Protein chains: 2
Amino acid sequence: MAVRDPRVTKAAPVDKRRIILDAAVRVFARDGFHKCRVSDIADEAGVAYGLVYHYFKSKDQVLDTLFLERWEVLLEAIRHTDATDLPAEEKLHAIAGFIIDSYRHDPDLMKVIIVEVTRAANSFGAVHIRKIDEAYALIRGVVEKAQQRGEFRSEIPAEFAVMSFYGAIEQVLTGWIFGLLDEGEDAYDSAKAHIVQTICGGLAA
Amino acid sequence: MAVRDPRVTKAAPVDKRRIILDAAVRVFARDGFHKCRVSDIADEAGVAYGLVYHYFKSKDQVLDTLFLERWEVLLEAIRHTDATDLPAEEKLHAIAGFIIDSYRHDPDLMKVIIVEVTRAANSFGAVHIRKIDEAYALIRGVVEKAQQRGEFRSEIPAEFAVMSFYGAIEQVLTGWIFGLLDEGEDAYDSAKAHIVQTICGGLAA
DNA sequence: CACCGGATTGACTCGTTAGTCAACCCGACG
DNA sequence: CGTCGGGTTGACTAACGAGTCAATCCGGTG
């Protein structure tokens, strides 16, 4: 996968840890966390079985690492968006956009995060609820501020608004993952717009 | 668990199959499908290990049965709602209501169905996509008809509308399952209303 | 060159558990 | 009373796979 110039081998210490993580993404996405074996990860990475345990305490920790790494990036993106003074609707568009672009950029990684963590209330979801809830809290902040400013109406509690918004995004991603929804460059942009339109403007004529 | 009067043993053939299924719901909800052992199900049912295999081909088939049984009921409910001539918004309210009431009535069963099947794109989700998609298709029908009648605006493709609607519902249920959202009788009714308000009326003031 | 220590290897252990199966229980029926 | 068969039992097997570990490799250092 990674392209290496043989002449600069010296300068490229080849981060095996990274290679293992990237391989794990592919394997988890393909076979699922539970069904795959640690040896599958090692094979996919072109690395000895034991090396996985040199870098990670357990199979679980590989997934934890993938999730935390990426989720932190997401939280940072949301915080950044929150800090701007865009209209609330555009903030939501930016957030939905970031998540969808993450999927566009690395579908396997997003698939793993959503399927194995975010939507897995048993196993891993439970372990990472706090982190997941941080994202909800941030988005809730966006909605609440908009309600105070009168941009959004206040009848709908922010908690439900957030769940609807985030749930809509994940459901669309899941649709792509399952192959139930058409994918493609324009589908991505169109999804961003339509999700935000639905949540902000509603379906009613 | 089950109380039997020795004098009427004859008249009560005690459906062990059902007892096993009900026990499985509790165990799957508590420990998760992957983490629990078949012996846990047998123990919870107060039945010998082997009997599980007398009634079911495999551990997987127990879950399959639970899912298919309940999903069929859901599909029927949606079809029934679809057949009425209520306004689209009320149809959506009825559908959201049915799902939320299912959770109210048997949280464990809904938890299992959502966590282990509906949201599990690897493992079981993949096996049952067709069935799951039937529900989406039915709801899509509701939306499309509303768009033709001019009740809903047509800019938003029905696929996205459905994903947003259904995603919102599942996300709220997941919030309850995770313990991130307050539960309680009024929370249930309020959720129904707010989800539909969000999807139909939008957040914008 | 000798030595050190971290990276890397992969064969092996050890617990776990899905699924099997031979035996047993018990009501029905002749 | 005997025997037939489906329901029921639970010990057992067979496989599997996570995690361990002793050995090896290799670049750096004195």
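Lettering of chains follows the sequences in order, A, B, ..., and the numbering in each one begins at 1. Small disclaimer: the values here were computed from a predicted structure and weren't measured.
- Here A:K16 does not reach the OP1 or OP2 of C:dA7: none of its side-chain N or O atoms lies under 4.0 Å away.
- Ion pairing between A:K131 and A:E72 holds under the 4.0 Å rule for side-chain N and carboxylate O.
- Using the six-membered ring where Trp is involved, B:F124 and B:F33 have ring planes that are perpendicular, over 60° apart on the 30 and 60° scheme.
- Under the 4.0 Å criterion applied to side-chain N and carboxylate O atoms, A:D40 and A:K35 are not assigned as salt-bridge partners.
- Rounded to an integer number of Å, the gap from CZ of B:R17 to C1' of D:dG6 is 16 Å.
- Per the geometry, CD1 belonging to B:I20 stands 14 Å off P belonging to C:dG19, to the nearest Å.
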Can you check nucleotides 22-24 of chain C for protein contacts, nitrogen or oxygen pairs under 3.5 Å, and list what you find?
none

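- As judged by a 4.0 angstrom heavy-atom cut-off over every strand, B:V47 is placed among residues touching the sugar-phosphate backbone only.
- Residue A:D15 contributes atom CG, which lies 17 Å from atom P of C:dG6 at whole-angstrom precision.
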_Is there a salt bridge (charged side-chain N to carboxylate O under 4.0 Å, His left out) between A:D101 and A:K192? Walk through the geometry before answering._
CA-CA 9 Å; A:D101 286 339; A:K192 292 180 203 174; 3.1 Å; yes
*Report, as a single string ordered 5' to 3', how protein heavy atoms within less than 4.0 Å touch nucleotides 11-23 of chain D: B base, S sugar-phosphate only, - not at all.*
B-----SBBB---
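- Atom-to-atom, CZ of B:R18 to C1' of D:dG7 comes out at 19 Å; the value is rounded to the nearest Å.
- Taking the six-membered ring where tryptophan is involved, the planes of A:Y188 and A:Y103 are perpendicular, since the angle between them exceeds 60° and thus also 30°.
- A salt bridge between B:E151 and B:K145 is absent, with no side-chain N of the basic residue lying under 4.0 Å from a carboxylate O of the acidic one.
- Between D:dT8 and B:H54, no contact under 4.0 Å exists linking OP1 or OP2 to a side-chain N or O.
- Each of B:I41, B:L21, B:L63, B:D64 was evaluated against B:F56; a single residue qualifies, B:L21, per the side-chain contact (heavy atoms from CB on, under 4.5 Å) test.
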*Decide salt bridge (charged side-chain N to carboxylate O under 4.0 Å, His left out) for A:K111 and A:D108; before the verdict, give the C-alpha distance in whole Å, the side-chain angles of both, and the deciding distance to 0.1 Å.*
CA-CA 5 Å; A:K111 174 174 177 177; A:D108 282 349; over 6 Å; no
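- Looking at A:D22 and A:R18, a side-chain N of the basic residue comes within less than 4.0 Å of a carboxylate O on the acidic one, giving a salt bridge.
- Across all strands shown, A:F56 has no heavy atoms under 4.0 Å from either base or sugar-phosphate atoms.
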